[in-house]
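Throughout, protein chains are lettered first and strands after them, A, B, ... in sequence-line order, and every chain is numbered starting at 1.
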Protein chains: 2
Amino acid sequence: MTTIKDLAKMANVSVATVSRVINKSGYVSPELTRRVGQAIAESGYQVNALARSLKTAKTHTIGLIIADISNPFFTSVIRGVEDIAYKHGYNLILCNTDENLEKEKLYLQVLRGKMVDGLIISPAVTKSEGIRELLRRHPNVVFMDRKVEEPEVICARVDNVKGTKMAIDYLLQLGHKDIAIISGPLNVTSGVERYQGYVAALKEAGLEPRLQHTKIGTFRQESGYKLAQELLDLERRPSALFVANNVMTIGALLAIRERGLSIPDDISVVGFDDMDWAVLANPPLTTVAQPTYEMGVKAMELLIRQMHKEKIDQKEILLSPELRVRESCKKIS
Amino acid sequence: MTTIKDLAKMANVSVATVSRVINKSGYVSPELTRRVGQAIAESGYQVNALARSLKTAKTHTIGLIIADISNPFFTSVIRGVEDIAYKHGYNLILCNTDENLEKEKLYLQVLRGKMVDGLIISPAVTKSEGIRELLRRHPNVVFMDRKVEEPEVICARVDNVKGTKMAIDYLLQLGHKDIAIISGPLNVTSGVERYQGYVAALKEAGLEPRLQHTKIGTFRQESGYKLAQELLDLERRPSALFVANNVMTIGALLAIRERGLSIPDDISVVGFDDMDWAVLANPPLTTVAQPTYEMGVKAMELLIRQMHKEKIDQKEILLSPELRVRESCKKIS
DNA sequence: CTGTTAGCGCCTTCAG
DNA sequence: CTGAAGGCGCTAACAG
């Protein structure tokens, strides 16, 4: 591997001069600049970012910790993060935790070791000693989608309560009274907030949430599938179903289909998270859409401000969800 | 930040000793081991991977260059890569090129600078000077999904010709003669191979591919949408449509739906790439499924063998696709 | 404008 | 079994 030392020899200058032309720091005469340039071209030199980072204490790398890359919600978010990161010259180390606390903890440690300039996290659970320690040790951390029970954290996410309320209110308006929920896990903020939105919306309408009709899932497809089955097997089957995320919705739709029931005649459905095929489903699915790409963008922008020590007036960005009414809910009397 | 120097002072030993206990290299007396261990615990020490890598010339980081993270095909592949990488202690730097050659080139350079131990690439085009140079400079590169026109490259991908033939043969069997294709770009291997499979299948059946019925797209949804429109507007509308990837299929389905046509009565459709909602579509969509997760696993396993200098008997792994017949094609007479 | 030099934090001979 | 010292490749004073 060529080093600046080699270049210095080739161009017959000092390493400092080489460094200067590489970094365009300080003046170097045209002649020397040319010679160094030539040496670089001839050797195919590439600066060693490790050495540079060791010296400058900047890696231009950020860690991205999320639960599941294969979930389209996250990939869209990642896309937003990547676009902004690229624009500002940062690279992403991608860490998939699978909602596994151990894995999260290990990744946190590895990323700290790799001296990332910052981190974007979608934490596996609301309270984690690992993250608390991270917060103490690392100055640049932003949360995304989900947050953690600590004061003063910086975070970009969606208004889950509002989104869920929009969905439930819509169902209520259509005349539904027996609205079931397949909720996410209650130890992550997005899960608990959507559940709270559900409860709140019902109560505001003077309805009491039924234990029978509330199922707590894991945000996984199998979970949506299984819980939907339980709901469908109930003596008093709900007239409407709200599912708290995209992949559980797929599971639920599969279960409904398997039972030979039809939407919305037998049961109305609205899912949290829009999906690009929602309009192609049978029938087209009514959903609560999150601005996923934008969430990624905002998170990365927050992180960049934080890394640049700029003032952040709004520590918590709350994006607005949107109800996309299609044909999966019917009016009942 | 705590360094081994600090630890050495705290434990009243030399840095060499600290290094030895951290890396479990060489014998250290129990007493000193204990003292060092305590110092580590008290200080919350974390080794600086930058410094270590600079010294050892190993980063335990690999670069992953793909076209589009938001495409479920790639995310499933990434998932496979990540799982294996994690198992072996490697981290992933994720690079999204957007099929953009400039971006790819820049990323290649950055990754080289960051001294990644290896690279997995899904190249934007078949022939690229940037990649040729990389191959010359970096010993550990494996291609995934798509490859590049160079001899001896290591690669994990699917048998695109076979997959496409399966789809076309199926349509042929159902009696279709006017089978259109929305192909991918012809400057990437997966695009051209699927196109070739289409042509070959037709010719073997004694049919001549019609220019009118072959549309060359970009693997993007808009492209599928627009080209499907063109096909549908033809005087002699094809009786069947093969779409060469997942997101173009979504576009095509959208166009068909918009025209008020029904599948399979007005037109039969089969798409390359299965999708988890394919069975929920209206009607359930017949597809050619790729073993995406497995592809990622194989690619990473190949890379690991390569990095470990193990012998690789099979440089090119060709995975088998599978036709999933559902309800989007009808028999015609 | 250019060169010399001292580290960044770590690993690894080489002595002891 | 332990310590001292050199160097990985680079940047940034500090001299000149």
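- One atom, CG of A/Asp6, and another, C1' of D/dC8, lie 13 Å apart when rounded to the nearest Å.
- Side-chain N/O atoms of B/Asn48 include none lying less than 4.0 angstrom from OP1 or OP2 on C/dC8.
- B/Lys24 has its NZ atom 16 Å from the C1' atom of C/dC11, to the nearest Å.
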TODO: Please lay out, stage by stage, how A/Glu301 and A/Arg305 fare under the test salt bridge (Lys or Arg N to Asp or Glu O under 4.0 Å).
DONE: CA-CA 6 Å; A/Glu301 285 177 349; A/Arg305 300 195 60 127; over 6 Å; no
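- Using a 4.0 Å heavy-atom cutoff across all strands shown, B/Leu32 reaches sugar-phosphate atoms only and no base atom.
- When each of B/Val15 and B/Ala51 is assigned the nucleotide of DNA chain D bearing its nearest heavy atom, the one mapping closer to the 5' terminus is B/Val15.
- Protein atom CD1 of A/Ile40 is 13 Å distant from nucleotide atom C1' of D/dC10, rounded to whole Å.
- Closest to the side chain of A/Arg52, from the set C/dG3, D/dG9, D/dC10, is D/dC10.
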- [ ] Could you give me the CA-CA distance, side-chain angles and deciding distance for B/Glu316 and B/Lys147, then say whether salt bridge (Lys or Arg N to Asp or Glu O under 4.0 Å) is met?
- [x] CA-CA 10 Å; B/Glu316 191 146 336; B/Lys147 53 180 263 196; 3.4 Å; yes
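- Applying the 4.0 Å criterion to OP1 and OP2 of C/dT2, one finds that A/Ser14 has every side-chain N and O outside that range.
- In the displayed structure, B/Lys103 atom NZ is contacted under 6.0 Å by more than 12 heavy atoms of other residues, nucleotides or ligands.
- Nearest to the side-chain atoms of B/Arg20 among the listed nucleotides C/dC8, C/dG3, D/dG3 stands D/dG3.
- If you measure from atom CG of B/Leu50 to atom C1' of C/dG7, you get 15 Å, rounded to the nearest angstrom.
- Across A/Asp6 and A/Met1, no two heavy atoms sit closer than the pair OD2-O, 3.6 Å.
- For the pair B/Met1 CE and C/dG9 P, the interatomic distance rounds to 5 Å; values are reported in whole Å.
- Residue B/Lys9 contributes atom NZ, which lies 12 Å from atom P of C/dG9 at whole-angstrom precision.
- Distances were taken from every side-chain heavy atom of A/Thr17 (C-beta onward) to each of D/dT11, C/dG3, C/dG9; the shortest belongs to C/dG3.
- In this model, a side-chain donor or acceptor of A/Lys55 finds a partner on the base of C/dG7 within 3.5 Å.
- If you check the side chains of B/Arg52 and B/Asn23, you find a donor sitting under 3.5 Å from an acceptor.
- Applying the 4.0 Å criterion to OP1 and OP2 of C/dT2, one finds that A/Ser29 has a side-chain N or O inside that range.
- In this structure, the nucleotide among C/dC10, D/dG3, D/dG9 sitting nearest to the side chain of B/Thr3 is C/dC10.
- Straight-line distance from the CD1 atom of B/Ile4 to the P atom of D/dG7: 17 Å, rounded to whole Å.
- Between B/Met115 atom CE and D/dG9 atom P there is a gap of 9 Å when expressed in whole angstrom units.
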